[in-house]
Amino acid sequence: MSDNNFHMRLSCAYETEDNSPVNLTVETITEDKGWQPLDLNTLTPGFLIYVYSMFACQHMFLRNKSKDKNVVLETARGEIKVSANEDWQLQEVAIHFDATAASGELDDETIDYIISGMKACPVSKNMPAGIEIQTSVNFN
């Protein structure tokens, strides 16, 4: 069983054909206060920043790989769940996005391309051996 669990969620709207984000919000859950806006500053715990870097990287590749296939995003909601053991070694990483496309063809090949690209983001590619990131995207 993991001793250190992190859960973040993201909500974003996009404004242009480049899938440029507007109204991006990221929240993290805390035991005592529930969902709170993520506040990155000099007091933010390093591991929380690390989790956010995974999430932000996946989100960037979702946007960019969608753009590569001429899929214009309208909105996206995402979640990341990360578990680490008592020694802060990653155990599980799961990232899921629900996205709405304003335009573009979303066949299986396109969706596979987008997910494959997300898995190739630099943060994901540098995970320790044996850690698999579960990445999924559902387009509405």
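- Residues T44 and D39 come closest through the heavy atom pair OG1-O, 2.7 Å.
- Summarising the geometry of I95 relative to M54, their closest heavy-atom pair is CD1-O, 4.4 Å, with the distance given to 0.1 Å.
- Between W35 and H7, the angle of the ring planes goes over 60°, which puts this pair in the perpendicular group of the 30/60° scheme.
- Following chains of ILVMFWY side-chain contacts shorter than 4.5 Å, one cannot reach M60 starting from V72, and the two form parts of different hydrophobic clusters.
- Note: D68 CG to R63 CZ = 12.0 Å, rounded to the nearest 0.5 Å.
- Here the closest heavy-atom approach between residue F61 and residue G117 is recorded as CD2-O, 3.2 Å.
- Considering only heavy atoms from C-beta on, I29 stays 4.5 Å or farther from E27 through its side chain.
- The CD atom of E92 sits 8.5 Å away from atom CD1 of I131, with the distance rounded to the nearest 0.5 Å.
- A distance of 6.5 Å separates OG in S103 from CD in E17, rounded to the nearest 0.5 Å.
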List the steps and the verdict of side chain to side chain contact (heavy atoms under 4.5 Å, CB included) for Y14 and S66.
-> CA-CA 12 Å; Y14 307 92; S66 293; over 6 Å; no

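- Atom CD1 in I114 sits 7.5 Å away from atom CG in L73 (nearest 0.5 Å).
- Sparse packing is recorded around NZ of K81, with 12 or fewer heavy atoms of other residues, nucleotides or ligands lying under 6.0 Å away.
- Hydrophobic clustering (side-chain heavy atoms under 4.5 Å, transitive across Ile, Leu, Val, Met, Phe, Trp, Tyr) groups L90 together with W88.
- Between the side chain of N23 and the backbone N or O of C12, no donor-acceptor pair lies under 3.5 Å.
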Take F47 and N4, measure what side chain to side chain contact (heavy atoms under 4.5 Å, CB included) needs, and give me the verdict at the end.
-> CA-CA 10 Å; F47 201 86; N4 300 295; 5.8 Å; no

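- The backbone N or O of S20 sits nowhere less than 3.5 Å from a side-chain atom of D18 that would complete a donor-acceptor pair.
- Heavy-atom contacts from other residues, nucleotides or ligands closer than 6.0 Å to CZ of R77 number 12 or fewer.
- At distances below 3.5 Å, at least one donor-acceptor pair connects side-chain atoms of Q91 with backbone N or O atoms of Q89.
- Looking only at atom types and distance, the side chain of D87 has no donor-acceptor partner in the side chain of N85 under 3.5 Å away.
- Under the 3.5 Å distance criterion, with hydrogens and angles disregarded, a donor-acceptor pair is assigned to the side chains of S124 and Q58.
- Under a hydrophobic clustering in which Ile, Leu, Val, Met, Phe, Trp and Tyr are joined whenever their side-chain heavy atoms come within less than 4.5 Å, directly or via other members, I49 and M127 fall into the same cluster.
- The same ILVMFWY cluster, assembled from side-chain heavy atoms under 4.5 Å apart, contains both V123 and L40.
- Judged by distance alone, with hydrogens and angles left aside, the side-chain atoms of N19 form a donor-acceptor pair with the main-chain N or O of V71 at under 3.5 Å.
- We find the CG-CZ distance between N138 and F97 to be 12.5 Å, quoted to the nearest 0.5 Å.
- Residues I133 and Y50 share a hydrophobic cluster, clusters being chains of Ile/Leu/Val/Met/Phe/Trp/Tyr side chains in contact below 4.5 Å.
- Counting non-hydrogen atoms of neighbouring residues, nucleotides and ligands closer than 6.0 angstrom, the CD atom of Q36 exceeds 12 such neighbours.
- Taking CD from E74 and CG from N140, the interatomic distance works out to 10.0 Å, rounded to the nearest 0.5 Å.
- For the pair T28 (side chain) and F6 (backbone), a donor-acceptor distance under 3.5 Å is absent.
- Aromatic rings from Y52 and F55 are positioned such that their centres are separated by 6.0 Å or more.
- Surrounding CD of E79 are more than 12 heavy atoms belonging to other residues, nucleotides or ligands, all under 6.0 Å away.
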